[in-house]
Protein chains: 2
Amino acid sequence: MAQNIYDSEEFFKEYIQLPRQVIGLDGAPEWPALRSMLPASLTGAKFLDLGCGFGWVCRWAREKGAVQVRGVDLSENMLAKARKFPADERITYLRADLDSLELPPNTYDVAFSSLTFHYLKDLPRLVAQVYQTLVAGGTFVFSVEHPLWTAPRNPNFIEDSEGHTVWPLDKYLDEGEILTNWLVDGVIKQHRTLATYINILIEAGFTLSAIDEWAPSEEEMPANPGWEKSRIRPPFLLMKASKLVLQKAGT
Amino acid sequence: MAQNIYDSEEFFKEYIQLPRQVIGLDGAPEWPALRSMLPASLTGAKFLDLGCGFGWVCRWAREKGAVQVRGVDLSENMLAKARKFPADERITYLRADLDSLELPPNTYDVAFSSLTFHYLKDLPRLVAQVYQTLVAGGTFVFSVEHPLWTAPRNPNFIEDSEGHTVWPLDKYLDEGEILTNWLVDGVIKQHRTLATYINILIEAGFTLSAIDEWAPSEEEMPANPGWEKSRIRPPFLLMKASKLVLQKAGT
């Protein structure tokens with residue numbers, strides 16, 4: 001079971017002050033890139049959000065025409081806040097641990113997850129669940145903290161001997177649990193390399209459709225104060241995968 | 001046209017002393033991982049090596065049963081040495097610039113490249129050429145210097161304020177030409193992010209089959225002295241892609 005830091009009161013009172021929680025999707029600068037990976041139309045779609053938090057994306061999916069939206073989260077704090085929004089009988093929330101969640105086969109058109117998988121201990125198991133819960137042709141879009149962010153022993157920019165700001169990359173290839181201080185001390189995350197994220201998708205049967213090591217572009221930077229250093233080391237990794245039936249030509 | 005550093009005498013006299021040039025494939029510690037991405041059998045296959053150097057992999061492919069092997073390189077120095085090995089009429093070498101090379105359609109079963117693409121200015125063009133020169137079901141395997149290696153302004157390990165060795169990652173997302181000092185000063189390489197390498201494959205029509213951010217494992221380290229720091233920052237990126245005909249299920 002993943003650590004449930006979101007139900008720590010100390011963490012939660014800090015967390016709910018982050019822009020992306022206060023103002024929703026417009027407070028998440030990577031959202032336009034992530035949204036662009038989702039199908040252009042969700043009309044009639046069944047939509048699954050793993051680690052749905054306050055339900056911002058669940059409500060967005062409904063606005064875009066999804067007929068059934070399922071939000072799953074481990075945190076009662078998060079789901080309690082999600083449920084305070086006006087009720088929508090087409091959106092259902094489930095409290096569950098993504099490290100043991102089982103999903104119904106051949107059900108959803110789109111599976112989504114934002115900044116959740118780096119907390120999970122057994123991601124290959126969940127990705128296999130996602131594969132079998134998607135219908136053929138279904139789409140899987142997710143973001144995680146970039147492996148360059150979860151790698152270092154010391155995840156803070158430093159200055160080199162010439163006074164130049166650099167990211168002190170350390171132990172990139174050594175995967176596993178890392179203990180970080182984010183909002184509070186003792187937040188447990190799982191470091192995986194970029195190759196591991198991709199190979200987990202491929203081994204589950206997915207076809208990788210797009211990948212984005214996201215940071216604001218130089219042109220977008222004026223609208224994203226505080227993200228300047230992120231071009232040194234991208235904060236987020238975004239991926240789109242498809243459940244396609246592959247057939248070798250000529251066979 | 002890519003810089004032809006290999007025909008600089010100063011560079012070449014240093015280069016031919018590298019273990020991988022002196023003793024061939026056994027001197028390239030990543031070769032077992034790269035080889036494992038190639039088809040188990042090359043019997044009857046037509047094999048293309050882009051940036052073939054001294055022809056080590058061309059000769060290996062012939063030993064594995066390839067019936068036609070084509071090695072391409074920009075460097076006359078490299079090809080002159082390749083041609084000194086006993087002649088094999090099934091291996092042909094071509095001197096050509098990979099930034100403008102055109103390849104015959106629907107010809108090769110396997111396309112391969114080792115540590116070459118980070119020199120090329122127009123990789124999307126070449127990858128599109130590779131796609132169309134492969135037969136349906138064909139395999140494309142290549143390695144490049146890892147984007148973490150080609151990114152920094154200063155590509156050398158440093159010590160942080162606690163005396164800990166780190167890789168000073170800088171400007172990871174800023175792609176383009178970099179000027180490095182490797183064996184000689186002024187070697188020009190092209191920095192691309194890992195996402196860019198993958199998206200170039202996807203946009204050409206390839207399906208990504210496997211990816212390896214290669215360094216020796218902890219278990220392999222005793223056999224690879226001098227590579228200890230490479231687990232901090234992997235030196236090479238290896239990828240396998242397939243030319244599959246994709247068909248959405250149910251359509």
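Letters go in sequence order (proteins before strands), and every chain restarts at 1.
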Report the C-alpha distance between V69(A) and R90(A) in whole Å, list the side-chain angles of each, state the deciding distance to 0.1 Å, and finish with yes or no for side chain to side chain contact (heavy atoms under 4.5 Å, CB included).
-> CA-CA 6 Å; V69(A) 177; R90(A) 303 266 184 160; 5.9 Å; no
Show your working on side chain to side chain contact (heavy atoms under 4.5 Å, CB included) between F206(A) and L134(A) and close with a plain yes or no.
-> CA-CA 11 Å; F206(A) 280 109; L134(A) 284 173; 3.6 Å; yes
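When the candidates N199(B), L208(B), L201(B) are compared by the number of heavy-atom contacts under 4.5 Å with chain A, N199(B) comes out ahead. When each of T193(A), L194(A), I198(A) is checked for heavy-atom pairs under 4.5 Å with chain B, L194(A) comes out on top. Most heavy-atom pairs under 4.5 Å with chain B, from the set T196(A), I211(A), L237(A): that is I211(A).
Ring-plane geometry between F142(A) and Y197(A) is classed as tilted, the angle between the planes lying from 30 to 60 degrees on a 0 to 90 degree scale.
The pair E220(B)-R231(B) does not count as a salt bridge, with every side-chain nitrogen at least 4.0 angstrom from each carboxylate oxygen.
Looking at L148(A), the atoms closer than 4.5 Å to chain B (heavy atoms on both sides) all sit in the side chain, from C-beta outward. Heavy atoms of E218(B) lying under 4.5 Å from chain A belong exclusively to its side chain. There is no contact between S242(B) and chain A, counting heavy-atom distances below 4.5 Å. Neither the backbone nor the side chain of S161(A) has a heavy atom closer than 4.5 Å to any heavy atom of chain B.
When all heavy atoms are compared, the tightest approach of A210(A) to I202(B) is N-CD1, 4.0 Å. The two residues L50(B) and T116(B) make their nearest non-hydrogen contact at O-OG1, 3.6 Å.
Distance check, rounded to the nearest 0.5 Å: CD of E213(B) to NE2 of H146(B) gives 3.5 Å. If you take CD on Q132(A) and CG on L103(A), they are separated by 6.5 Å, rounding to the nearest 0.5 Å. The NZ atom of K64(B) sits 9.5 Å away from the OG1 atom of T43(B) when rounded to the nearest 0.5 Å.
Identified by a heavy-atom distance below 4.5 Å to chain B, contributing residues of residues 123-130 of chain A are lacking entirely. Within residues 162-181 of chain B, the residues that have a heavy atom under 4.5 Å from a heavy atom of chain A are E162(B), H164(B), T165(B), V166(B), W167(B), P168(B), L169(B), D170(B), K171(B), Y172(B), L173(B), D174(B), listed by number.
Under the 6.0 Å cut-off for aromatic ring centres, W60(B) and W31(B) qualify, their centroids lying closer than that.
Figure legend: cation-pi geometry between K243(A) and F140(A) absent, as NZ or CZ is not positioned both under 6.0 Å from the six-membered ring centre and within 45° of its axis.
By the salt bridge (charged side-chain N to carboxylate O under 4.0 Å, His left out) test, E145(A) is found to be paired with K189(A), residues two or more places apart in sequence or in another chain being considered. Under the salt bridge (charged side-chain N to carboxylate O under 4.0 Å, His left out) criterion, R192(A) pairs with no residue, sequence neighbours left out.
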